[in-house]
J.: 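Have a look at the structure that comes next, please.
Owing to the predicted nature of the structure, the values given are computational and were not obtained by experimental measurement. By convention in this document, chain letters (A, B, ...) are assigned in the order of the sequence lines, proteins followed by strands, and residues within each chain are numbered from 1.
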Number of protein chains: 2
Amino acid sequence: QSKLFFLSNVRYFIDKHHEQHAKKVIHSIKVGTALVLVSLIYLLDPLFEQVGENAMWAIMTVVVVYDFYAGATLSKGLLRGIGTISGGGLGCLAAILSEDFGKTGNTIVVGTSVFIFGALATYCRMIPSIKKKYDYGFLIFILTFSLVAVSGLRADKISELARERLTTIGMGFAICIITSFLIFPMWAGEELHHSTSSKFNKLACCIEECMEAYFSDSEKEGRQSINMSSCKSILHSKSSDESLANFARWEPWHGSFGFYYPWEKYLQIGELLRELASIILLQQVIKEKFNNVGISLGLTMHELGESIMKMRRGQEKVLMLPGLQSIELELSILSTSELQAIENVEALPIANFL
Amino acid sequence: QSKLFFLSNVRYFIDKHHEQHAKKVIHSIKVGTALVLVSLIYLLDPLFEQVGENAMWAIMTVVVVYDFYAGATLSKGLLRGIGTISGGGLGCLAAILSEDFGKTGNTIVVGTSVFIFGALATYCRMIPSIKKKYDYGFLIFILTFSLVAVSGLRADKISELARERLTTIGMGFAICIITSFLIFPMWAGEELHHSTSSKFNKLACCIEECMEAYFSDSEKEGRQSINMSSCKSILHSKSSDESLANFARWEPWHGSFGFYYPWEKYLQIGELLRELASIILLQQVIKEKFNNVGISLGLTMHELGESIMKMRRGQEKVLMLPGLQSIELELSILSTSELQAIENVEALPIANFL
């Protein structure tokens, strides 16, 4: 029955592997499709005449914004939009304000504003809470601000340029969203849901196999190391969980996940599972020692049983006592509240025997 | 004396905090300076006449490539260069090959090639080993390939465009490298070095405070939870360690770190320290009898951290040897395969110190 558990488990992992691979292939095809669609802006004459060379920005948007998860694509796209608009607006302002100064004054004003806004936004990017969620938006802000403020001195029709560039970025974003949400969407929320539930399964298998290994002979070391790697993978899942939850918050209603779905609860559960995983890993560490204690305890018990059966006493005492003392020593070194309990319980009957 | 330890520790963290803040400010100023320098390409007439509107690419390069660590900036810049050249070359080829076909055939050939290369490179980006190190290069490859292949149909002088664009990217990259390496360089390797040695100190403090809490009354629950947070931060340091080591490999000779410095050894030590941290976190489960090991382990960890920080060797011989032996003895009592490994790895550098 335990064998069956193990087999179904292996099969689950193989299926999971195939599924992961299929998802990657689908994502690649989606990106390819989005690229072809966005290329059409360049390739089809009527569209190209509308936007001209700015069509470049649509391609750039698709390449940079498209992410594996729908929520990530949406959040990146929105951040890019916000960053572009705020950076472009401020950049225009800087360019216009600097117009009143002479040629040299102009250069100095623009240079100073680029320095100040660039340094400020860079500092903001390093604040942990911003870094986690809005890093990309600030990056785009710096980029757009610098480009607009600096080229504002050259381009006469800056507002037209801004309009065209925003339109193409919007087109690129629309293509991203359509292909990402309509063709086999990959939801970060679903992934978080599945990974959390599979963590429970992995831990359950670990515990089961630990038990099995404990009760059976100690020859199956190879299989034990497999458990440990899956246990360790849980231990290091914090950052991926956090980014998944971060993306999941951007995702609209889908499947069984409504709006305002409590994604942070998954993070709390994940935290507890990681603690459990580390306990299991440590238990494995202690187990080995416990086994040794167990073996000698077992031997002593055998001897005690035999001597009681044969109503022998005296001659065993010499053999017994050092063995028992060494067990006591080892238990006291290991002793945890649990092991202490074991010791006490076992010490009582043994004390009675002697 | 333990109080003193604690105070010096608090002070260390405050200093560390100030240092971190100062570093962030310096980085912001460096980025601002680089932006101003790159803006000069736009702002100064003789430079602008050379490159024209392509000056945009220099700004983009600075904004996107500039990273906190010198090694990260260098690796991103090089990856960007390689991605641009390979993507541009292949894109040119696709554009030239598609010229022989008619207007519609042309569009189909370019569309197909964009789809195939885009999808293939996207798939490559999801292979874990590539994702870890070369993700950015593949992103730039997709971007450049699409842009060049698609606009090749429009631009007549594609080679001139490519030359100008590469020149400006090179200029941007040069500005990044100069400001990053010459003005207060932040080495990822140094950061990895310091964070590893501070991990030893944190663990030592954890162990010491646990002991203190154990010997005193059990009322100081608050302080215990502080330890645990620093212990937990070690537990979740895997990904940041890996990226630091990744960047450190790109960094040239600096300080005491030569070429081919064995950065992966830091990762191995980090892995073992994380295991130790998880064991310490579980000390609440194994409260009793931890102290004997704890006192000497704490001291030795402090010493190890300090000697790694200062790259000292030799004079520690007298202090280290008896302490180490007693730990070895006690660890061997607790010994597990994992702890054995810690012992071995630590024995190696210590063997060098002695």
J.: Below 4.5 Å from any heavy atom of chain B, which atoms of A:T33 appear? Answer side chain, backbone, both or neither.
T.: both

J.: Select, from B:R274, B:R125, B:M56, the one with the greatest count of heavy-atom pairs under 4.5 Å involving chain A.
T.: B:M56

J.: Does any heavy atom of chain B fall under 4.5 Å from the side chain of A:F68, the backbone, both, or neither of them?
T.: side chain

J.: Minimum heavy-atom separation for B:L139 to A:V63, with atom names?
T.: CD1-O, 3.5 Å

J.: Please look at A:E271 and chain B and tell me whether the side chain, the backbone, both or neither of the residue comes under 4.5 angstrom of a heavy atom of that chain.
T.: side chain

J.: For a side chain to side chain contact (heavy atoms under 4.5 Å, CB included) with B:S146, tell me which candidate from A:L35, A:V38, A:V36, A:V62 qualifies.
T.: A:L35

J.: Mind checking side chain to side chain contact (heavy atoms under 4.5 Å, CB included) for A:T84 and listing every partner two or more places apart, or none if nothing turns up?
T.: A:R80, A:I140, A:T144, A:L166, A:I169

J.: Identify which of A:I59, A:L120, A:L235, A:I116 forms the greatest number of heavy-atom pairs closer than 4.5 Å to chain B.
T.: A:I59

J.: How long is the straight-line distance from CD1 of B:I142 back to CE of A:M60, given to the nearest 0.5 Å?
T.: 13.5 Å

J.: Is there a side-chain contact between A:V110 and B:Y42 in this structure, where contact means two heavy atoms from C-beta onward sitting under 4.5 Å apart?
T.: no

J.: Checking side-chain hydrogen bond (donor to acceptor under 3.5 Å, both in side chains) against A:Y123, which of B:H21, B:H27, B:K24 comes through?
T.: B:H21

J.: For A:S39, is it the side chain, the backbone, both or neither that has a heavy atom under 4.5 Å from a heavy atom of chain B?
T.: both

J.: Supply the atom-to-atom distance A:S28 OG to B:M126 CE, rounded to the nearest 0.5 angstrom.
T.: 3.5 Å

J.: Tell me which one of A:V114, A:T107, A:I108 satisfies side chain to side chain contact (heavy atoms under 4.5 Å, CB included) with B:L43.
T.: A:T107

